[in-house]
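Below is one structure; the comments refer to it alone.
Positions are given from 1 along the sequence. All values below were derived from every heavy atom in this structure, side-chain atoms included, with hydrogens, water molecules and symmetry-related copies excluded. Quick caveat: nothing in here was measured; it's all calculated off a predicted structure.
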Amino acid sequence: MPGSEWGTATEQRFNVNLSILFTELPLLERPAAAAAAGFTAVELWWPWVDSPTPERSELDALKKAIVDAGVQLTGLNFYAGQLPGPDRGALSIPGAQSERFRANIDVAADFARSLGCEALNALYGNRVEGVEAAEQDALALENLVLAARAADRIGAILLIETLNQPESPLYPLVSAPAGVAVVDRVNEATGLGNARFLMDLYHLSMNGEDLPSVIERYAAKTGHVQIADTPGRGAPGTGTLPLEDLLGRLRKAGYEGWVGLEYKPGDRPSAAAFDWLPAEARAAR
């Protein structure tokens with residue numbers, strides 16, 4: 001994985017997902033580890049999988065770790081249940097999970113605002129046996145409207161993510177058109193226009209989608225991009241996905257946002273999993 005293959009990487013703005021990289025470290029040590037690896041921006045899944053409303057002391061400790069490390073939080077998930085684990089979000093699941101998501105909305109938004117984070121990701125949630133899909137979709141729209149309004153209140157965008165069918169067989173948004181359709185429905189319902197597509201090239205590749213076509217069609221509606229190689233969800237260069245070419249296509253299509261590194265480090269420390277990316281390309285410009 002020679003760095004020369006990523007000679008144009010300085011044109012990208014990369015951030016590190018601290019919920020999949022540096023997980024060999026305690027949560028509060030990960031921001032500093034990302035900074036030590038040369039990065040200046042990070043993103044997170046909701047860190048407290050058992051609680052949508054953690055104690056203020058826990059929120060303050062994470063905020064302090066991020067500030068002290070000198071990195072910018074650029075993306076945060078709303079509460080999504082057990083992730084990683086069996087869950088793929090909470091907002092479309094009637095009952096307790098929907099209630100947890102709603103309880104989390106302002107907590108997540110206020111935490112994001114306190115760190116200048118301008119993107120909040122809302123995972124849709126799995127289909128539930130015995131519940132009509134239309135009922136889940138109606139609940140999802142209600143909750144996404146609430147989330148979009150909270151994001152707007154703090155000057156942020158709301159992200160809707162497509163996952164992949166092989167790894168998330170109960171998740172209904174397993175194509176770019178399905179994800180974008182939800183984005184459009186939310187924007188139509190709120191009139192705010194702040195819902196955007198999260199284009200995860202790993203998930204879309206696992207779904208067998210034509211990635212150049214997806215980029216051409218949906219770059220203008222994309223608010224964030226995440227990458228990992230396929231197969232295996234490893235670092236760029238460990239699989240067969242032409243990620244530099246795809247990111248180049250995104251740039252040419254007008255995408256100037258963040259590219260989240262959301263891959264598994266493999267059987268090595270996370271700090272060793274960035275050898276594909278020249279050191280000078282890691283700090284955001």
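- Tyr171 contributes a side-chain N or O that, together with a main-chain N or O of Tyr124, makes up a donor-acceptor pair within less than 3.5 Å.
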Worked verdict on Asp275 versus Arg268 for side chain to side chain contact (heavy atoms under 4.5 Å, CB included): CA-CA 12 Å; Asp275 51 358; Arg268 54 186 170 166; 3.7 Å; yes
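- Leu204 and Ser175 make their closest contact through CD2-C, 4.4 Å (heavy atoms, listed as atom of the first residue, atom of the second, distance).
- The side chain to side chain contact (heavy atoms under 4.5 Å, CB included) test applied to Val131 returns Pro94, Val128, Glu135, Gln136, not counting sequence neighbours.
- Atoms CG and OG, on Asn77 and Ser19 in that order, are 7.0 Å from each other to the nearest 0.5 Å.
- Contact of the Thr53 side chain with the Asn104 side chain is not registered, since no non-hydrogen atoms from C-beta on lie closer than 4.5 Å.
- Contact between Gly260 and His224 at its shortest, heavy atoms only, is N-CE1, 3.6 Å.
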Ignoring hydrogens and angles, write down the donor-acceptor pairs under 3.5 Å from the side chains of residues 54-68, residues two or more places apart or on other chains.
{"from": "Glu58", "atom 1": "OE1", "to": "Trp48", "atom 2": "NE1", "distance (Å)": "3.2"}
{"from": "Lys64", "atom 1": "NZ", "to": "Asp68", "atom 2": "OD2", "distance (Å)": "2.6"}

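- In this structure, Glu43 has no salt bridge (charged side-chain N to carboxylate O under 4.0 Å, His left out) partners at least two apart in sequence or on a different chain.
- The main-chain N or O of Trp258 is found under 3.5 Å from a side-chain atom of Tyr255 such that the two form a donor-acceptor pair.
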Would Leu261 and Trp276 count as a side chain to side chain contact (heavy atoms under 4.5 Å, CB included) here? Give the steps. CA-CA 12 Å; Leu261 306 182; Trp276 60 275; 3.8 Å; yes
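- For Glu216, the CD atom sits in a loose shell: 12 or fewer heavy atoms of surrounding residues, nucleotides or ligands are nearer than 6.0 Å.
- The two atoms that bring Leu76 and Trp45 nearest to each other are CD1-O, 4.2 Å, heavy atoms only.
- Across Leu247 and Leu201, no two heavy atoms sit closer than the pair CD2-CD1, 4.2 Å.
- Leu123 and Ile105 fall within a single hydrophobic cluster, where Ile, Leu, Val, Met, Phe, Trp and Tyr side chains are chained together by heavy-atom contacts under 4.5 Å.
- Residues in residues 188-217 take part in no ring-ring contact (aromatic ring centres under 6.0 Å, His included) pair, two or more places apart or across chains.
- Applying the salt bridge (charged side-chain N to carboxylate O under 4.0 Å, His left out) criterion to Arg100, with sequence neighbours excluded, gives no partner residue.
- Of all non-hydrogen atoms in Gly75 and Leu73, the two that sit nearest each other are O-CD1, 3.5 Å.
- Interatomic distance, Asp229 CG to Thr238 OG1, rounded to the nearest 0.5 Å: 4.5 Å.
- The structure places CZ of Arg217 at 9.5 Å from CG of Asp210, a figure rounded to the nearest 0.5 Å.
- Looking only at distances, no side-chain donor or acceptor of Ser92 sits under 3.5 Å from a matching main-chain atom of Ala140.
- Under the 4.5 Å side-chain contact rule for hydrophobic residues, Leu192 and Ile160 do not share a cluster.
- Counting only residues at least two apart or on different chains, the salt bridge (Lys or Arg N to Asp or Glu O under 4.0 Å) pairs with a member in residues 118-128 are Arg127-Asp137.
- Between Pro31 and the options Leu18, Val16, Leu25, a side chain to side chain contact (heavy atoms under 4.5 Å, CB included) holds for only Leu18.
- A donor-acceptor contact closer than 3.5 angstrom is absent between the side chains of Asn164 and Asn207.
- Listed by first and then second residue, the salt bridge (Lys or Arg N to Asp or Glu O under 4.0 Å) pairs that reach into residues 182-193 are Asp184-Lys221, sequence neighbours excluded.
- Hydrophobic clustering (side-chain heavy atoms under 4.5 Å, transitive across Ile, Leu, Val, Met, Phe, Trp, Tyr) groups Tyr218 together with Leu163.
- Put simply, CG on Leu146 and CG on Leu141 are 9.5 Å apart, with the number rounded to the nearest 0.5 Å.
- Among residue pairs with one or both ends in residues 99-119, those qualifying as ring-ring contact (aromatic ring centres under 6.0 Å, His included) are Phe78-Phe101; sequence neighbours excluded.
- Residue pairs meeting the salt bridge (Lys or Arg N to Asp or Glu O under 4.0 Å) criterion with at least one member in residues 138-160, sequence neighbours excluded: Arg102-Glu142, Asp106-Arg153, Asp110-Arg153.
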With salt bridge (Lys or Arg N to Asp or Glu O under 4.0 Å) as the criterion, how do Arg13 and Glu256 come out once you've worked through the C-alpha distance, each side chain's angles and the decisive distance to 0.1 Å? CA-CA 8 Å; Arg13 290 195 299 161; Glu256 297 179 347; over 6 Å; no
Between Val214 and Met199, is a side chain to side chain contact (heavy atoms under 4.5 Å, CB included) present by the stated rule, with each step listed? CA-CA 9 Å; Val214 167; Met199 185 184 292; 3.9 Å; yes
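- Side-chain heavy atoms closer than 4.5 Å link hydrophobic residues (I, L, V, M, F, W, Y) into clusters, and following such links, even through other members, never connects Met206 to Val174.
- Phe22 and Val49 fall into different hydrophobic clusters, defined by Ile, Leu, Val, Met, Phe, Trp and Tyr side-chain heavy atoms under 4.5 Å apart, directly or through other members.
- Judged purely by atom type and a 3.5 angstrom limit, Tyr263 has no side-chain atom pairing as donor or acceptor with the backbone of Gly232.
- For Arg282 (side chain) and Leu277 (main-chain N/O), a donor-acceptor pair under 3.5 Å exists by modelled atom type.
- The closest side-chain heavy-atom distance from Glu262 to Ile227 is not below 4.5 Å.
- Residues that satisfy the side chain to side chain donor-acceptor pair (under 3.5 Å) test with Ser168, not counting sequence neighbours, are Arg88.
- Side chain of Asp87 to backbone of Gly81: no donor-acceptor contact under 3.5 angstrom is found.
- Side chains of Gln72 and Asn15: no donor on one and acceptor on the other come within 3.5 Å.
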Might you work through the side chain to side chain contact (heavy atoms under 4.5 Å, CB included) test for Leu21 and Phe274, ending with a clear yes or no? CA-CA 10 Å; Leu21 284 155; Phe274 304 110; 4.0 Å; yes
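- Taking CG of Asn17 as the reference point, atom CD of Gln226 lies at 6.0 Å (rounded to 0.5 Å).
- Proximity of Val186 to Leu158: side-chain heavy atoms (C-beta onward) are separated by under 4.5 Å at one or more points.
- Counting heavy atoms from C-beta on, the side chains of Leu144 and Leu91 come closer than 4.5 Å.
- Across all their heavy atoms, Pro265 and Ile20 have their closest contact at CD-O, 3.8 Å.
- Considering CG of Leu198 and OG1 of Thr162, their distance stands at 8.5 Å, rounded to 0.5 Å.
- Applying the side chain to side chain donor-acceptor pair (under 3.5 Å) rule to Ser98 yields the partners Asn143; only residues at least two apart in sequence or on another chain are considered.
- Here Arg249 pairs with Pro212, Ile215, Asp245, Leu246 under the side chain to side chain contact (heavy atoms under 4.5 Å, CB included) rule; sequence neighbours left out.
- Gln97 and Tyr79 form a side-chain donor-acceptor contact under 3.5 Å, judged by distance and modelled atom types alone.
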